Amino acid sequence: MYDRVAPPRSEAELLERAQELAGLGLGQLAARFGEQVPGEPRRAKGYAGRLLELALGADAASRPEPDFTRLGIELKTVPVDAAGLPQESTYLTLAPLRGLTGLAWAESAVRRKLARMLWVPVEGTREVPMAARRIGWPVLWSPSAEQEAALRHDWEELMLLLTTGQLSTLDARHGQWLQIRPKAANARVLAAAHDETGAPAADLPRGFYLRARFTAQILSSAAGALA
DNA sequence: GCGTGATCATGA
DNA sequence: TCATGATCACGC
């Protein structure tokens with residue numbers, strides 16, 4: 001079979017690996033692992049992300065930890081259009097719906113995820129078949145002071161709505177850069193939450209997402225999005 | 001069933 | 001056209 005790629009031992013090694021993948025099509029990369037890219041895009045959500053995890057040696061295995069556990073780095077692939085602009089928001093982490101009293105930004109899961117991230121743009125326009133979509137130039141990123149302040153502002157606004165049990169008024173329009181949207185297999189899924197009075201209740205699981213216009217800043221801070 | 005990886009598809 | 005709300009696949 002095919003050996004699993006060993007986790008990178010340093011940021012530099014991880015970045016080098018990602019840079020070596022730039023310009024490759026997803027089909028070419030998949031072939032290195034004896035895989036074929038799924039044919040139907042609707043059934044291939046998340047495939048590019050899983051393939052890049054495999055190729056770069058991510059070791060978190062879908063546990064709620066950074067993808068590169070030893071380096072504390074989170075990997076995100078982001079679909080971009082022909083101009084290199086992100087086409088979609090980026091999922092960060094589940095939003096806590098219960099037991100969130102006293103939760104501070106400094107200890108939040110959102111901040112931990114954002115602390116250090118490797119962004120890999122991938123061609124994502126629907127006209128391009130999955131296998132032909134090319135991997136772009138990677139960006140190793142941490143938030144600037146201004147970016148972190150803006151994200152913290154959004155997070156605190158959103159968390160206030162969560163802690164007061166105002167799930168019914170919380171929708172994806174809140175937040176300038178961060179937003180909260182459903183994150184579930186379907187709209188019938190329920191997670192432990194609480195109501196406006198603080199009593200236990202169940203509600204649709206939600207996740208924190210980074211808006212595409214924020215991700216655009218990250219990608220444009222580096223040179224070309226596509227190699 | 002949950003949290004991970006995300007993108008799809010429809011209404012505004 | 002575009003973002004919101006809904007959905008699809010995988011590992012365990």
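Just so we're on the same page: letters track the sequence lines, and every chain starts at 1. No experiment lies behind these values; they were computed from the predicted model shown. In what follows, every heavy atom counts, from backbone to side chain, and hydrogens, waters and symmetry copies are set aside.
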Check if the side chain of A/Lys183 and the base of C/dG5 share a donor-acceptor pair of N or O atoms closer than 3.5 Å.
->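 In this structure, the two groups form no donor-acceptor pair.
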Rounded to the nearest angstrom, tell me the gap between atom [atom1] in [X] and atom [atom2] in [N].
X	N	atom1	atom2	result
A/Arg213	C/dC2	CZ	C1'	12 Å
A/Leu204	B/dG1	CG	P	14 Å
A/Leu54	B/dT4	CG	P	19 Å
A/Tyr91	B/dG3	OH	P	8 Å
A/Phe33	C/dC10	CZ	P	17 Å
A/Glu127	B/dC8	CD	P	11 Å
A/Leu52	B/dT7	CG	P	11 Å
A/His174	C/dG5	NE2	P	11 Å

Looking at [N], I'd like to know if its phosphate oxygens (OP1 or OP2) sit under 4.0 Å from a side-chain N or O belonging to [X].
X	N	answer
A/Lys45	C/dT7	no
A/Tyr47	B/dA6	no
A/Thr77	B/dA6	yes
A/Arg43	C/dA9	yes

Output all residues satisfying side-chain hydrogen bond (donor to acceptor under 3.5 Å, both in side chains) with A/Asp59, sequence neighbours left out; order by chain, then residue number.
-> A/Thr69
Counterpart residues, side-chain hydrogen bond (donor to acceptor under 3.5 Å, both in side chains), relative to A/Ser89 (two or more places apart) =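 A/Ser89 satisfies side-chain hydrogen bond (donor to acceptor under 3.5 Å, both in side chains) with A/Arg181 only.
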Just to be sure I understand the rule, does [X] reach a base, reach only the sugar-phosphate, or reach nothing, if contact means heavy atoms closer than 4.0 Å?
X	result
A/Ala184	base
A/Ala61	nothing
A/Gly46	base
A/Glu53	sugar-phosphate
A/Arg206	nothing
A/Pro79	sugar-phosphate
A/Glu65	nothing

Run through the side-chain heavy atoms of Ile, Leu, Val, Met, Phe, Trp and Tyr, join any pair under 4.5 Å, and report what else lands in A/Leu190's cluster.
-> none
What nucleotide, of [options], holds the atom closest to the side chain of [X]?
X	options	value
A/Gln179	C/dT4, C/dA6, B/dT4	C/dT4
A/Pro41	C/dG5, B/dA6, B/dC8	B/dC8
A/Arg173	C/dC10, C/dG5, C/dT7	C/dG5

If you pin A/Val78 and A/Lys113 to their nearest nucleotides in DNA chain B, which one's is more 5'?
->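 Mapping each residue to its closest nucleotide by heavy atoms, the 5'-most match is A/Lys113.
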Which residue, A/Thr93 or A/Ala44, contacts DNA chain B at a nucleotide closer to its 5' end, judged by nearest heavy atom?
->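 Here A/Thr93 is the residue nearer the 5' end.
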Under 4.5 Å between side-chain heavy atoms, hopping through other hydrophobics if needed: is there a path connecting A/Leu118 to A/Tyr91?
-> no
May I ask you to decide if A/Val120's main-chain N or O and A/Thr77's side chain share a donor-acceptor pair within less than 3.5 Å?
->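 Here the side-chain-to-backbone pair does not exist.
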Can you list every side chain to side chain donor-acceptor pair (under 3.5 Å) pair that touches residues 43-53 of chain A, not counting sequence neighbours?
-> A/Glu35-A/Tyr47
A/Phe208 vs A/Ile180 side-chain heavy atoms within contact, under 4.5 Å = yes
Taking the nucleotide of DNA chain C with the closest heavy atom to each, which residue, A/Asp171 or A/Arg50, is nearer the 5' end?
->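 Taking each residue's closest nucleotide, the earlier one in sequence belongs to A/Asp171.
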Does any pair with a residue in residues 168-191 of chain A pass ring-ring contact (aromatic ring centres under 6.0 Å, His included), and if so which ones, sequence neighbours excluded?
-> A/Trp177-A/Phe214
State the CG-CD distance between A/Leu170 and A/Glu157, to the nearest 0.5 angstrom.
-> 8.5 Å
All N/O pairs under 3.5 Å across the protein-nucleotides 9-12 of chain B interface:
from, atom 1, to, atom 2, distance (Å)
B/dA9, OP1, A/Arg42, NE, 3.2

